[in-house]
Structures are given as structure tokens and as C-alpha cells.
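Just follow the structure's listing: the first ligand is 1, and inside any ligand the first atom is 1. We number each residue from 1, following the sequence as shown.
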Amino acid sequence: MLPLKNMPSPNFNSRDGAVVSALVLHYTGMQSSQDALDILCDRQAQVSAHYVVDEDGTIYSLVDEADCAWHAGVSYWRGSKNINNISIGIEIVNPGHRLGYRRFPQVQMDTMAELCSGIIGRHAIKPVNVVGHSDVAPLRKIDPGELFDWKWLAGKGIGLWPVIRNQKSEIRSQESEIIVNLAEYGYEKPKNDEELSKTIAAFQRHFRPSNVNGVWDGKCLLRCLQWCSFPPPDGRMVARRSSVRGEGGRKVRASRKAVAGNARLGKPKGKCYRKYTACYTLASKGEKVR
Ligand SMILES: [Zn+2]
């Protein structure tokens, strides 16, 4: 059991029966942890989170998990709009991009990971629903940012991390396909070029932090989306495979579940199944599914 310091915030409301299904990670974006705690507990500020994790690993408990804390604001993920109502929010102390963005100390990451594991277990949160504020509000927010180590976290069984299979592949994609891919993973559909760029940047911050530029490049980003693949909305990949014919008659391998999934979705076998076939880490189980 992690030691928690109680720091009750008045900024919460009842979930009105909504079930918790997501975990949203933030950075505080303030000079010090005390500054952040002051704001998060100030009734006038109307913001809060369930927990704050300080750089030295101290965890503050502000709002009961049963209640709805006010951390995500206007938000969207996988068809849900009021993310506050269905999520647990953790503020991780870091000055953020405005005040001197810096790496998250290991001791902070370690205690935060332990806290996350407990939350995920208590609420049976799916790996795909462990997200950053920038994922659920890509047009407004950039936290916890590209220095936050999602890959390390996925290795601890928290969230997803794509595994690159084919380093050399370069696949081109139409803008409409990019939007479909982002939306299928969970992002709100961008309505114009500016929104698309910000949504791609949010994706990059989470899944390809080495180059966050909001520009779709066929080499890396697309590889993440199409070759590395993500799980279908509610499905799970299986390890068993069968050979099928891909585009142009090229022999490629796909999981039986993936082929069946495409058939179920009315997608042509040779065209779309790759999205559901390649590997990704089902981090919550600690197993690699291909
Ligand atoms: Zn935030």
C-alpha cells in the first residue's frame, strides 16, 4: 500500500453512477508542487485531480476515486465526451513547457507507476484507455508531453506501446486514412488541417516522442499506425496465425482473429487487415501479442 498524504480538494462532484474506464495523466505545469497543490485545492480555481505525484515520489490524495475530479475539461476519447466523469486523473509535478520542461525523475515515475497499477486494477481500466491529457484534448493541451516515458510505463504493464516490426517499410497514406486511423484508436476526428496537425502531434507525443512536428510522415508515424497496429476497438489479438494473400497477391501473415475481424467490419481481406495483424504490446498482461 502506497503512503498517501491527504490534501482534500473541494473541486469535485458525484459521478452520478458513471463507471470509471479511463486513466488520464497530466503534468502540473507550475513552478513547484506547492503552487500546483494550492491551485488544485482552491475552490475559486475549479480544477482538481485525484492525485498529485511530486518529483520526490510523494503522492498527495486530493479527491476520492469514487468522485469526479475536474482535470480534463472539454475532452473526447473513444466516443465519450465528458472524460472527467469516467476517469481518474493524476497530476505529475513538472514545470511543463512554459516554465522549464524537464525529465520526470525515476523515483517519481516509480511511485506513479505503482499508483497507476492500483487504479487500473481497482477499476479494470483497459490499456487503450490509459492516456495523456493531450490525447483527450489534443487541440488545447500538450501534457504530459514528449519527455514522459510512455514506453517505460507500458513495460510496467500500464498502457500500450506499439512494437515496430518492419523498420524499412515505407507506406504512404491518404489524409482520409490518417484520420480514420487516429479515430479508430480513440482520438476525436479532426475537422480541418489545423486540427489534424494537432491531433497528429498528440499521437506523436505519446507514441513517437522523438519527432513531434504534427506532420504525417510515411516512414515513422504511418508505421506506428498501420504496421505496428493497435487493437480493434474492443477486441483482443490472438497469437494464432494463418497465411492469407495481401494486396497484389503478396503472401503475408495475419492472425485468424484479425481476418475474422475485418470480415466482421466488412473490410476487404487483402486491403485492411494489416492494421489488425501486426504486433503490439498488450502491456497490462505483460505479454506480446503478434
Ligand atoms: Zn493536464
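- Salt bridge annotation for R102-E55: present, with a cationic side-chain nitrogen under 4.0 angstrom from a carboxylate oxygen.
- Its N, O or S atom nearest to the Zn ion (ligand 1) is what matters here, and for H26 that atom is ND1.
- Sorting the N, O or S atoms of H133 by how far they are from the Zn ion (ligand 1) puts ND1 first.
- Taking every heavy atom of both residues into account, P138 and K198 meet most closely at O-CB, 3.7 Å.
- Among the atoms of D143, an N, O or S atom falls under 2.8 Å of the Zn ion (ligand 1).
- Considering all non-hydrogen atoms of both residues, A45 and I39 come closest at CB-O, 3.4 Å.
- For Y27 and Y101, the ring centers are positioned less than 6.0 Å apart.
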